[in-house]
Amino acid sequence: MAKGRFITLEGLDGSGKTCNMGLIQKLLVPHYTLICTREPGGTKLGEGIRGLLLQHQNAAMEPLTELLLLAAARHEHISKLIVPALNDGHWVLCDRFFDATYAYQGSGRGLHPDTIRIVEALIQKDLQPDLTILLDLPMEIRLSRIKHRGNTLDRFESQSYEFFERVRQGYLERAKADPQRVKVVGANRPLDLVQQDISSIIGKFCEYDKAKTYD
Ligand code: TMP
């Protein structure tokens, strides 16, 4: 059976990931068997680690500890869910993956990219997303959206304005370095326009993928 495809969705909290995961799912489900998952999380153990990462009581966690917890959750996720699903020919849609680590732990927390690359090489081997959609949001808009959401902020969401500005720049650098894979969508626009762009990116990707498969 042909190997499935791996699609990831990235962006700052407040960029509209949750509702756009729903859109991508709707676009793909009629054509492929799709598994939707998220990071940190995706397995029972990974969801437990997610709890540790998001809790305020762990506010003083060292950045390297944070990276290693994320890596432990990701290793479980890759070995137990993502790779088996792709090998069975399923498509996998994941809410965040390694780009988030370079953006949050690298640019945000200040870990050296080489440290992250070592962990990436250890657990990810040759697995790379085939397509990544990055929802890009200016900081002022993110702030007002988060305020209007009104729910309690987790350990990451309560970081400073400067932290998120660095994370945003980190994401944009990842996109600049790999424009073939990472497609940037301006999330600072009405939802229907954002979704038109996402639909067009997914449509083009599927057409290209079919052409490659049928070659
Ligand atoms: P979520 O809000 O998208 O569910 O993700 C939970 C938080 O985890 C989010 O604030 C970003 C953070 N995170 C990292 O810092 N590094 C990572 O590699 C991943 C996957 C998430």
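One-based numbering, in listed order, for ligands and for the atoms of each.
By the side-chain hydrogen bond (donor to acceptor under 3.5 Å, both in side chains) test, Gln196 pairs with no residue at all, sequence neighbours left out. With sequence neighbours excluded, the residues that form a ring pair (Phe, Tyr, Trp, His ring centres under 6.0 Å) with Phe97 are Phe6.
Around atom OH of Tyr161, more than 12 heavy atoms belonging to other residues, nucleotides or ligands sit under 6.0 Å away.
Salt bridge status for Arg38 with Glu47: present, with a side-chain N to carboxylate O gap under 4.0 Å. With salt bridges taken as basic N to acidic carboxylate O contacts below 4.0 Å, one links Asp99 and Arg174.
Numbered from 1 in the order shown, with element, the atoms of ligand 1 that lie under 4.0 Å from a heavy atom of Leu70 read 16 (N), 17 (C), 18 (O), 19 (C). When each atom of ligand 1 is checked for a heavy atom of Arg74 under 4.0 Å away, the hits are 18 (O), 20 (C).
In this structure, of Leu54, Val167, Leu53, the residue bringing a heavy atom nearest to atom 6 (C) of ligand 1 is Leu54. Between the choices Asp13, Leu69, Thr101, the shortest heavy-atom distance to atom 10 (O) of ligand 1 belongs to Asp13. The residue among Glu39, Lys17, Arg50 with a heavy atom at the shortest distance from atom 4 (O) of ligand 1 is Arg50.
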Report the C-alpha separation of Cys94 and Leu9 in whole Å, then their side-chain angles, then the decisive distance to 0.1 Å, and conclude whether the side chain to side chain contact (heavy atoms under 4.5 Å, CB included) test is met. CA-CA 6 Å; Cys94 191; Leu9 184 61; over 6 Å; no

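Counting only heavy atoms of the protein, atom 7 (C) of ligand 1 lies nearest to Phe156 CD1, 3.7 Å.
Annotation: Arg96 places an N or O atom under 3.5 Å from an N or O atom of ligand 1; distance criterion only.
Under a 4.0 angstrom heavy-atom cut-off, Gln105 registers as being in contact with ligand 1.
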